[in-house]
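I have placed the structure first, in the form of structure tokens, so that the comments after it can refer back to it.
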Amino acid sequence: MTEAPIGMFDSGVGGLSIYRETRQVLPGHDVIYVADQGYGMYGERSLAEVSKRSETVTRFLIDHGATTIVVACNSASAAALHHLRTQFPEVTFVGMEPAIKLAAGLSRNGKIGVLATDATFQGELFASVVDRHAADHEVITKPCPGLAAAIEAGDPATDNLIERYVGDVVGRGADVVVLACTHYSLVKDRIAAAAGTATVVDPAPAVARQVMRVVDSPHGSSQGSAAFHTTADPYRFSGQLRQLLGVVATPGSVEL
Ligand code: DGL
């Protein structure tokens, strides 16, 4: 039986943290992944721009057969998830919602630090999640300009930025630190080292379980395929896939 592939997108490599976890729980499903590296970083654009662009990338994934789409980017989820669900009611979307509920359950002192892009904090989604799950907590928001871009580029400045941003929220008393940008999950060990005794919450495994719940079609025992696409340089993306996931692939180049 041929089943619809799962679509996924991010501004770049961040969503690979979700791809990796999804592969663990759904090894037999085909996946199409778009790294929108020609347009990113999303976190530094306006919500309106990211929303429009997310619609364009979604159309590409639908044209390639996806009926389930994972918005594997907190910034795009903040900017566009609601709009995408309205615009494409036939598609099942799984988006990134900052893991505030989980963090509220883990915090012993009631102080939750959240690391994300500016775009994520600006969206209504963030305020509503805090309202619903942590109204009685102190939520310490920390926009992290440059961090996702440094991770994307494999820039050695990444460690300094981590020290600075994580040091700030932990210094302000957070005993739980939420990773609310999919790029940050790729350097979770380095963030945990900087966080010391504070607990780091990575939402990627929970998002993958949610994908598993919504993809309810039966699947065979064979390994699912993965088609990677980038809106920038496929050679560079191929190197990133090898380095970050150990995956050898020939990404397609797509103009959107
Ligand atoms: N990976 C994206 C996120 O989860 C952000 C990176 C960007 O700024 O494009 O927010």
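All values below were derived from every heavy atom in this structure, side-chain atoms included, with hydrogens, water molecules and symmetry-related copies excluded. Whatever order the structure lists them in is the order used to number ligands and atoms, beginning at 1.
Residue His183 approaches ligand 1 through these ligand atoms, each under 4.0 Å from one of its heavy atoms: 1 (N), 2 (C), 5 (C), 6 (C). Near Ala148, meaning under 4.0 Å from one of its heavy atoms, ligand 1 places the atoms 6 (C). Atoms of ligand 1 lying under 4.0 Å from any heavy atom of Ser11, numbered from 1 in the order shown and given with element: 6 (C), 7 (C), 9 (O).
Contact annotation: for Asp10 versus ligand 1, heavy atoms closer than 4.0 Å belong to the side chain alone. Residue Ser75 touches ligand 1 through backbone and side chain together, judged by heavy-atom distances below 4.0 Å.
In this structure, Asp168 pairs ionically with Arg172, as a charged nitrogen and a carboxylate oxygen lie closer than 4.0 Å.
Between Val25 and Glu21, every side-chain heavy-atom pair lies at or beyond the 4.5 Å cut-off.
Aromatic ring orientation, Phe228 versus Phe237: perpendicular (interplanar angle above 60°, classes split at 30° and 60°).
No side-chain N or O of Thr231 forms a donor-acceptor pair with one of Gln37 less than 3.5 Å apart. Tyr42 and Asp36 are linked by a side-chain donor-acceptor pair at a separation below 3.5 angstrom, with hydrogens and angles left out of the test.
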Output, in order, the C-alpha distance, side-chain angles, deciding distance and verdict of side chain to side chain donor-acceptor pair (under 3.5 Å) for Thr117 and Thr120. CA-CA 5 Å; Thr117 65; Thr120 293; 3.3 Å; yes
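Checked against a 3.5 angstrom limit, the closest N/O atoms of Gly43 and ligand 1 fall inside it. For ligand 1, none of its N or O atoms has an N or O atom of Thr117 under 3.5 Å away.
Ligand 1 has Cys73 within reach: a non-hydrogen atom of the residue lies less than 4.0 Å from it.
Scanning the protein heavy atoms around atom 5 (C) of ligand 1, the nearest turns out to be Cys181 SG, 3.5 Å.
Not counting sequence neighbours, the partners of Phe60 by the ring pair (Phe, Tyr, Trp, His ring centres under 6.0 Å) test are His64, His229.
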